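Read through the structure below, which is laid out as structure tokens, and then see the notes.
Because the structure is predicted, anything quoted here is derived from the model rather than measured.
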Amino acid sequence: MDVLGGDPDDATLRRFLHGLPGVDAVGLEQRAAGLGTRSIKTTSKAWALDKIISLIDLTTLEGADTPGKVRSLVAKAKTPDAADPSTPLVAAVCVYGDMVPYAVEALGGLHGDPDDGKISVAAVATAFPSGRSSLEIKLADTAEAVAAGADEIDMVIDRGAFLSGRYGLVFEQIARVKEACRREDGTYASLKVILETGELNTYDNIKRASWLGILAGGDFIKTSTGKVQPAATLPTTLLMLETVRDWHRATGEKIGVKPAGGIRSSKDAVKYVVTVAETAGEEWLQPHLFRFGASSLLNDVLLQRQKLATGHYSGPDYVTID
């Protein structure tokens, strides 16, 4: 690997990852806070709200999920606002692997690439959310979801291995899962690598894990499972955006970023949109380069969108309650 300067073993990866410049935590948090105060004017706000909807992975990841709940989620994804046909579609629905067939069936002709105006199916895999299983089970989990029609796989890294410095093992697992994303026709499902930043303890670790996820073949780096607190934060997402920006400058390749967990209001989501545009660039504001992992964010965006159009909020029954 040219960037690494050697084979991706523990020694080479440690030398590379620990050779990265340390993160100035105070500077990072101040920069994120500054970006979070930017105001957006009314016309831009309408654009931002529509953009946020088009970047949402509408998610249900509960042990009590049923085929019926997945079909309801897909119905909401297909028609976010029945009163306004101009409302954009979300980018994807994100479900557990065994729910993929129901999502694919419910989407019907709308199942496809969000860059083409359709809706993808994302599946969490690799013993989500803990990641505690054998590699064989993780690979089978991934391959089964892809075979069932998943367009995207959201995998979790082995945080225990990462935190104990076994970088080669984490690299190999990501690379092998990427290979398990291969379809019969030779194309690949997109791979999102979940770092679970809330368990990595330091910004330096988050930066190293971001680089590791990209080096091993991830198409996206994702903050969180949504099952651990803290989940997505603006400083963490900013740090990950700086990493993909630096990777792009070094290699010409564009990698996506997905903050997930805890982003519930359009006001917060707008801060992320500004941060993406100011850090990686506006070209990152498209479904194959940026996503919000969310279950309730869509409701608030729809309410704000209607307020902008009519001047008043709808009643509480205007949007579905998750």
Side-chain angles (χ1 to χ4, degrees), residues 1 3-4 8-14 16-18 20 23 57 59 61 94 96-97 122-143 145-146 150 152-181 188-233 236-237 239-244 247 255-261 291 293:
M1 297 196 71
V3 177
L4 269 182
D9 54 28
D10 276 341
T12 303
L13 286 164
R14 185 174 292 108
F16 178 86
L17 296 174
H18 286 262
L20 295 168
V23 178
D57 285 359
T59 302
L61 296 170
C94 185
Y96 274 112
V124 295
T126 65
F128 177 97
S130 70
R132 305 242 63 92
S133 72
S134 68
L135 179 59
E136 288 70 28
I137 287 173
K138 291 178 180 181
L139 297 177
D141 196 20
T142 302
V146 173
E152 304 167 9
I153 295 294
D154 290 30
M155 72 166 288
V156 286
I157 66 166
D158 184 333
R159 282 87 76 192
F162 177 85
L163 290 169
S164 55
R166 290 177 288 161
Y167 301 135
L169 175 62
V170 179
F171 182 102
E172 182 198 6
Q173 291 196 352
I174 297 168
R176 292 281 301 278
V177 171
K178 175 70 178 178
E179 198 50 43
C181 288
Y188 286 79
S190 178
L191 179 63
K192 305 195 200 90
V193 179
I194 305 172
L195 310 180
E196 198 65 292
T197 52
E199 292 184 342
L200 297 184
N201 305 323
T202 69
Y203 287 131
D204 284 339
N205 275 342
I206 292 167
K207 183 175 182 176
R208 290 171 189 146
S210 296
W211 276 94
L212 186 55
I214 295 170
L215 287 163
D219 300 296
F220 266 77
I221 47 175
K222 176 178 170 182
T223 60
S224 330
T225 61
K227 307 295 185 185
V228 169
Q229 294 303 321
T233 68
T236 294
T237 305
L239 176 57
M240 292 165 67
L241 286 162
E242 289 175 345
T243 301
V244 301
W247 176 263
I255 302 295
V257 174
K258 178 179 173 180
R291 299 285 180 86

Inset, instruction - Any chance you could lay out the salt bridge (charged side-chain N to carboxylate O under 4.0 Å, His left out) test for D158 and R166, step after step, and finish with the verdict? - result: CA-CA 10 Å; D158 184 333; R166 290 177 288 161; 5.2 Å; no
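- Looking at E152 and R291, a side-chain N of the basic residue comes within less than 4.0 Å of a carboxylate O on the acidic one, giving a salt bridge.
- In this structure, E196 contributes its side chain and T225 its backbone to a donor-acceptor pair below 3.5 Å.
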Inset, instruction - Tell me, with the steps shown, if V124 and C94 meet side-chain contact (heavy atoms from CB on, under 4.5 Å). - result: CA-CA 7 Å; V124 295; C94 185; 4.0 Å; yes
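- Atoms OG1 and CD1, from T233 and I206 in turn, are 7.0 Å apart once rounded to the nearest 0.5 Å.
- With rounding to the nearest 0.5 Å, the separation of CG in L169 from CG in D10 is 8.0 Å.
- Summarising the geometry, atom CG belonging to D219 is positioned 6.5 Å from atom CD1 belonging to I255; distances are rounded to the nearest 0.5 Å.
- Side-chain contact between T142 and M155 is absent, with no heavy atoms from C-beta onward closer than 4.5 Å.
- Rounding to the nearest 0.5 Å places CD1 of I221 at 13.5 Å from NZ of K258.
- Contact between G218 and V193 at its shortest, heavy atoms only, is CA-CG2, 3.8 Å.
- Put simply, the side chain of L61 reaches to within 4.5 Å of the side chain of K227, judged on heavy atoms.
- Contact annotation: the side chain of F162 never approaches that of E199 to less than 4.5 Å [non-hydrogen atoms, C-beta and beyond].
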Legend entry - Residue pair Q173, I157: steps toward the side-chain contact (heavy atoms from CB on, under 4.5 Å) verdict: CA-CA 8 Å; Q173 291 196 352; I157 66 166; over 6 Å; no
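- Shortest non-hydrogen contact noted between P259 and A232 is CB-CB, 3.8 Å.
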Legend entry - side-chain contact (heavy atoms from CB on, under 4.5 Å) between L139 and V177, intermediate numbers included: CA-CA 6 Å; L139 297 177; V177 171; 4.0 Å; yes
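- K138 places a side-chain N or O within 3.5 Å of a backbone atom of G131 that can act as its donor or acceptor partner.
- One finds the CG atom of L13 at 7.0 Å from the CG atom of L215 (value rounded to the nearest 0.5 Å).
- In this structure, the separation between CG on N205 and CG on L212 is 11.0 Å, given to the nearest 0.5 Å.
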Legend entry - Test log, rule side-chain contact (heavy atoms from CB on, under 4.5 Å), inputs L239 and T236: CA-CA 5 Å; L239 176 57; T236 294; 5.7 Å; no
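- By the 30° and 60° cut-offs, the orientation of the rings of F16 relative to W211 is perpendicular.
- Summarising the geometry of Q229 relative to G226, their closest heavy-atom pair is NE2-O, 4.4 Å, with the distance given to 0.1 Å.
- Counting all heavy atoms, side chain and backbone alike, A260 lies closest to K222 at CB-CE, 3.6 Å.
- Across all their heavy atoms, H18 and Y167 have their closest contact at NE2-OH, 2.8 Å.
- In this structure, the side chain of R14 engages the main chain of G165 through a donor-acceptor pair within 3.5 Å.
- The two atoms that bring S133 and A127 nearest to each other are OG-CB, 3.4 Å, heavy atoms only.
- Comment: D57 engages K192 in a salt bridge, judged by a side-chain N to carboxylate O separation of less than 4.0 angstrom.
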